[in-house]
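Presented below is the structure to which this report refers.
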Amino acid sequence: MSNLGNKEAMSDNLHRLLNERGLSQKKVADDLNIKPTTFSGWFNGHVYPRIDKIEMMADYFNVQKSALIEPNGDDSNIKVFKDITQVPVIGDIACGDPITAIQNVEEYMPAPSSSLPVGNNFYLRCDGNSMKPTINNGSLVLIHEQPNVEDGEIAAVLIDGEATLKRVKHQGKTVILIPDNNQFNPIVLTDDIDARILGKAVQVVNSL
């Protein structure tokens with residue numbers, strides 16, 4: 001198939017998928033954490049996405065790649081996940097309790113077990129704009145529970161009983177929490193601050 005044919009097939013299939021699922025271009029672009037103009041180029045058949053972006057969209061729509069790239073693609077190859085894990089969404093954190101203790105859980109979100117890191121996982125809802133544009137206010141962030149993260153990784157950190165999402169930087173024995181939004185100031189974790197890392201952010205479901 002020519003590149004023109006590829007682009008037309010991709011455009012047709014994206015139109016069908018968005019129409020069937022009641023999704024807007026902006027919603028999909030935000031969920032995939034890509035520029036709306038990038039998705040618009042694929043949606044309108046002007047640009048053909050790289051293979052990694054096709055795989056990302058296939059996972060997002062829960063279809064095989066053929067449902068995106070082949071003419072008259074359909075959902076006959078929808079992936080069926082038999083092994084589903086109910087991942088807790090954490091609200092206010094009660095001091096001294098394990099992070100996923102029942103009193104901390106607002107609700108549960110289903111997720112394919114194969115897509116989750118091995119170990120304990122939970123969702124946090126981002127409150128505020130300090131991590132924009134990476135994480136929007138109200139977005140759900142999948143956290144893999146672990147006591148340490150590498151420099152530059154986004155972590156959920158419990159500070160005086162409240163969870164915050166920030167990038168972590170180590171300077172000697174000092175830990176600095178850095179927002180992605182430069183309108184917010186870094187937080188230096190001094191000895192008089194009660195803080196600990198809850199886990200590493202491994203996935204973001206961005207809100208509009």
Side-chain angles (χ1 to χ4, degrees), residues 26-39 50 52-53 55-57 59-60 85 87-101 103-109 111 115-208:
K26 185 178 187 305
K27 168 65 174 170
V28 176
D30 287 345
D31 287 349
L32 295 176
N33 199 25
I34 59 175
K35 293 180 179 178
T37 52
T38 298
F39 185 79
R50 298 195 312 264
D52 61 315
K53 302 304 182 185
E55 292 172 347
M56 178 178 69
M57 286 192 290
D59 288 339
Y60 175 79
T85 297
V87 181
V89 179
I90 303 302
D92 295 333
I93 299 169
C95 293
D97 288 327
I99 187 65
T100 53
Q103 55 264 43
N104 297 333
V105 177
E106 285 186 345
E107 59 179 317
Y108 289 87
M109 296 281 289
S115 72
L116 298 172
V118 176
N120 198 25
N121 302 284
F122 57 92
Y123 282 109
L124 281 179
R125 195 177 302 279
C126 181
D127 181 15
N129 297 310
S130 68
M131 291 304 290
K132 289 186 70 174
T134 309
I135 307 174
N136 296 329
N137 181 40
S139 299
L140 283 175
V141 183
L142 181 65
I143 305 296
H144 179 241
E145 190 170 2
Q146 57 188 69
N148 298 292
V149 299
E150 300 293 329
D151 274 359
E153 293 180 330
I154 297 175
V157 183
L158 190 66
I159 302 177
D160 294 328
E162 292 189 8
T164 185
L165 293 161
K166 295 290 186 294
R167 290 194 188 274
V168 173
K169 181 178 181 181
H170 298 86
Q171 287 189 347
K173 294 183 179 180
T174 302
V175 176
I176 304 172
L177 305 181
I178 301 175
D180 279 5
N181 187 340
N182 59 18
Q183 294 184 1
F184 291 77
N185 294 322
I187 300 171
V188 179
L189 297 182
T190 56
D191 291 339
D192 59 335
I193 296 177
D194 182 16
R196 66 183 176 93
I197 292 175
L198 299 173
K200 182 173 78 170
V202 295
Q203 185 185 92
V204 178
V205 183
N206 267 322
S207 65
L208 292 177

Closest non-hydrogen atom pair between [X] and [Y], with its separation:
X: P186; Y: P179; answer: CA-CD, 3.8 Å
X: A111; Y: L116; answer: CB-CD2, 4.1 Å
X: V204; Y: S139; answer: CG1-CB, 4.3 Å
X: A163; Y: L198; answer: CB-CD1, 4.2 Å
X: N33; Y: P133; answer: OD1-O, 4.3 Å

With a 4.5 Å limit on heavy-atom distance, are the side chains of [X] and [Y] in contact?
X: I197; Y: V149; value: yes
X: Y60; Y: D31; value: yes
X: H144; Y: F122; value: no
X: I90; Y: P88; value: yes
X: T134; Y: N181; value: no
X: Y108; Y: V89; value: no
X: M56; Y: I34; value: yes
X: I159; Y: L177; value: yes

For the pair [X] (side chain) and [Y] (backbone), establish whether a donor and an acceptor sit closer than 3.5 Å, ignoring hydrogens and angles.
X: N137; Y: G128; result: yes
X: E153; Y: E150; result: yes
X: H170; Y: I176; result: no
X: N121; Y: G119; result: yes

Measuring from [X]:[atom1] to [Y]:[atom2], what's the distance to the nearest 0.5 Å?
X: I178; Y: S130; atom1: CD1; atom2: OG; result: 12.0 Å
X: D194; Y: L189; atom1: CG; atom2: CG; result: 10.5 Å
X: L124; Y: T164; atom1: CG; atom2: OG1; result: 9.5 Å
X: Q203; Y: L142; atom1: CD; atom2: CG; result: 5.5 Å
X: M131; Y: N136; atom1: CE; atom2: CG; result: 11.0 Å

Original post:
Which pairs, with at least one residue in residues 115-133 and sequence neighbours excluded, count as a salt bridge (charged side-chain N to carboxylate O under 4.0 Å, His left out)?
Top reply: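 Non-adjacent pairs meeting salt bridge (charged side-chain N to carboxylate O under 4.0 Å, His left out): E107-R125.
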**OP:** For atom CG of D52, decide whether the heavy atoms of other residues, nucleotides or ligands shown that lie under 6.0 angstrom number more than 12.
**Re:**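 Atom CG in D52 is crowded, with more than 12 foreign heavy atoms closer than 6.0 Å.
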Subject >> K166: partners by salt bridge (Lys or Arg N to Asp or Glu O under 4.0 Å), with sequence neighbours left out >> reply: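 So K166 forms no salt bridge (Lys or Arg N to Asp or Glu O under 4.0 Å) with any residue.
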Subject >> For D180, all residues meeting salt bridge (Lys or Arg N to Asp or Glu O under 4.0 Å), sequence neighbours excluded >> reply: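 Result, salt bridge (Lys or Arg N to Asp or Glu O under 4.0 Å) vs D180: R167.
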Original post:
Can you check side-chain contact (heavy atoms from CB on, under 4.5 Å) on M109 and L140, steps first, answer last?
Top reply: CA-CA 10 Å; M109 296 281 289; L140 283 175; 3.7 Å; yes
**OP:** Please step through side-chain contact (heavy atoms from CB on, under 4.5 Å) for the pair V141 and V202, ending with a clear verdict.
**Re:** CA-CA 8 Å; V141 183; V202 295; over 6 Å; no
